[in-house]
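The structure appears below as structure tokens.
Chain A is the first sequence line, chain B the second, and so forth, proteins listed ahead of strands; every chain is numbered from 1.
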Protein chains: 2
Amino acid sequence: MKNIQQGFNFALSIDCVVFGFDGTALKILLIERNEDPFKDWWALPGNRVNVDESVDQSASRILKELTGLSDVYMEQFYTFGELKRHPQGRVVSVAYYAMLRLSGEKPLKPLTTFARNAQWVNVNQVPELAFDHQYILEKGLEKIKRRVRHLPLVFELLPEKFTLTQVQNVYELILNKKLDKRNFRKKILSFKVLKELDEKQRGVSFRAATLYKFDKRKYNKLYGKEISF
Amino acid sequence: MKNIQQGFNFALSIDCVVFGFDGTALKILLIERNEDPFKDWWALPGNRVNVDESVDQSASRILKELTGLSDVYMEQFYTFGELKRHPQGRVVSVAYYAMLRLSGEKPLKPLTTFARNAQWVNVNQVPELAFDHQYILEKGLEKIKRRVRHLPLVFELLPEKFTLTQVQNVYELILNKKLDKRNFRKKILSFKVLKELDEKQRGVSFRAATLYKFDKRKYNKLYGKEISF
DNA sequence: ATATAACGTGTATTTTTTACACTAAGTAAT
DNA sequence: ATTACTTAGTGTAAAAAATACACGTTATAT
């Protein structure tokens with residue numbers, strides 16, 4: 001029982017800022033807490049890290065338990081270690097952002113009882129949140145605004161096949177500004193990582209757009225890890 | 001004694017990647033450990049976080065204890081939470097990078113006994129390090145390579161008054177590539193945050209260069225927080 | 001057939017980035 | 001004082017990237 005030694009008296013938690021795109025709006029995932037502290041409050045999905053799992057593993061597990069979602073793109077972005085952030089003691093929280101394609105078929109089912117409910121809410125219609133989660137959310141948003149310019153994160157938010165207009169919409173929502181259509185297309189295509197498909201959108205009123213796929217292999221080959229969108 | 005509850009069995013530590021510039025080379029600070037585990041090994045300056053201090057406070061305290069240095073520019077960059085990274089139990093480490101002007105006058109005096117010695121070593125002549133510190137160092141280096149392009153970090157490494165050639169040298173060392181002198185000057189001056197002084201270098205053989213100061217007020221006013229060096 | 005709404009495209013202008021080499025100024029040695 | 005040496009300091013032309021801007025095309029719905 002090594003951990004009984006002095007100094008082993010912190011709790012570690014994970015909090016996730018989970019972004020989703022439903023074709024129209026940028027959403028984040030919130031849970032409704034079913035336990036104290038902050039019972040009945042909305043909060044970022046999060047929980048304690050177990051002592052026998054790595055922090056990255058823990059993040060995946062926690063997201064899965066609270067939402068039923070697995071294989072989600074996640075990345076650590078900051079650790080929140082202020083003194084009074086948790087009323088039950090010294091809890092330091094490692095925050096992750098996550099991104100996923102939001103298709104109607106994926107129901108959100110918390111696999112644990114401490115969250116009674118999980119729900120997508122529009123990024124700019126977030127209610128008051130438990131703990132310092134408001135702050136963590138803001139930092140997460142700032143972070144992806146920057147990261148989205150250097151990493152092909154937006155494709156995590158889009159379905160496998162997407163139109164260029166959808167890509168542009170996601171960028172506009174994240175960066176929170178309008179982009180010029182022609183210039184945007186010129187630029188995104190200039191990276192040569194989108195594969196034009198022999199296929200059009202289906203089920204839309206009005207003219208259907210061409211579908212594209214993100215070519216991950218080509219991206220890795222061309223850019224290693226970084227780029228400038 | 002809230003922290004006796006289940007879950008409060010992590011230790012938290014801070015590790016610092018401290019960069020210094022001595023006018024010629026980019027250095028990082030290492031300590032020689034005087035205690036187990038890894039007694040006699042070189043390591044990044046770091047130690048346990050106390051339960052009654054914030055993570056940021058802890059980082060400053062620890063750096064001060066190990067080196068005698070205070071008021072150093074520090075920023076958190078990643079949290080290392082793998083399972084087996086510490087032989088004595090579950091220790092999760094929050095890593096910071098730090099930057100400071102390395103002038104001869106500042107002697108390094110560890111104020112604690114667990115480090116027997118603190119020393120600046122050239123970034124590309126680092127010996128084998130304790131724990132996962134090699135890895136943390138690499139990540140720290142990657143991080144500042146990116147951050148230095150968006151934040152005026154280099155001025156933390158330089159003396160208050162510096163020449164443009166010195167600025168260029170620091171950028172070249174961090175980015176690890178040669179820059180064109182005329183283009184560099186054009187660009188750095190175009191930001192309008194360097195104030196040309198009525199003063200020249202002293203004590204150099206050969207022609208003395210004009211000294212400049214970084215105008216922090218102007219930087220904040222013009223750019224808020226970000227820029228693209 | 002017609003109205004509708006989003007699709008998809010090109011060019012000219014401005015701005016930014018890159019490439020490139022010599023003279024000026026101060027120090028040190030003779 | 002002359003000379004040799006070393007770093008400081010400067011401009012321009014070409015290429016590349018970013019920006020501004022508008023209309024004919026196409027599939028759908030009525």
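For the helix from C:dA1-D:dT30 to C:dT30-D:dA1, the axis fitted to the five pairs at one end and the axis fitted to the five pairs at the other end meet at an angle of 10° (nearest 10 degrees).
Ring pair A:F131/A:H133 is tilted by interplanar angle, where 30° to 60° counts as tilted. Ring geometry, A:F77 versus A:F80: the interplanar angle exceeds 60°, so the pair is classed perpendicular (tilted spans 30 to 60°). The aromatic rings of A:F191 and A:Y223 sit perpendicular to each other, their planes meeting at more than 60°, with 30° as the lower class boundary.
For the segment residues 186-196 of chain A, the set of residues with a heavy atom within less than 4.0 Å of an atom of DNA chain D comprises A:K186, A:K187, in numerical order.
Between the side chains of A:R85 and A:Y135, not a single donor N or O lies within less than 3.5 Å of an accepting N or O.
In this structure, CD of A:Q166 is placed 9 Å from P of C:dC7, rounded to the nearest angstrom. Summarising the geometry, the separation between NZ on B:K177 and C1' on C:dT18 is reported as 12 Å, rounded to the nearest angstrom. Regarding A:R182, its CZ atom lies at a distance of 15 Å from the P atom of C:dT13, rounded to whole Å. A:Y212 has its OH atom 11 Å from the C1' atom of C:dC7, to the nearest Å. Atom CZ of B:R202 is separated from atom P of C:dG26 by 13 Å (rounded to the nearest Å).
The neighbour count for A:R149 CZ, taken as heavy atoms of other residues, nucleotides or ligands under 6.0 Å away, does not exceed 12.
Between A:M99 and the choices A:V148, A:I144, A:V72, A:V154, the side chain to side chain contact (heavy atoms under 4.5 Å, CB included) rule is met once, by A:I144. Between A:I136 and the options A:L141, A:D15, A:L129, a side chain to side chain contact (heavy atoms under 4.5 Å, CB included) holds for only A:D15. Residue B:K161 is tested with B:Q166, B:Q201, B:E199 for a side chain to side chain donor-acceptor pair (under 3.5 Å); the sole match is B:E199.
Mapped onto DNA chain C by nearest heavy atom, A:R207 and A:D180 fall at different nucleotides, with A:R207 at the one closer to the 5' end.
As judged by a 4.0 angstrom heavy-atom cut-off over every strand, B:T165 is placed among residues touching the sugar-phosphate backbone only. Heavy atoms of A:T163 sit nowhere under 4.0 angstrom from any nucleic acid atom.
The outermost nucleotides of DNA chain D lying under 4.0 Å from heavy atoms of chain B, listed 5' to 3', are D:dC5 to D:dT12.
Between A:S205 and C:dT4 there is no side-chain polar atom (N or O) within less than 4.0 angstrom of OP1 or OP2.
Evaluation of atom-type donor-acceptor distances gives no pair under 3.5 Å for the side chain of B:K200 against the base of C:dG26.
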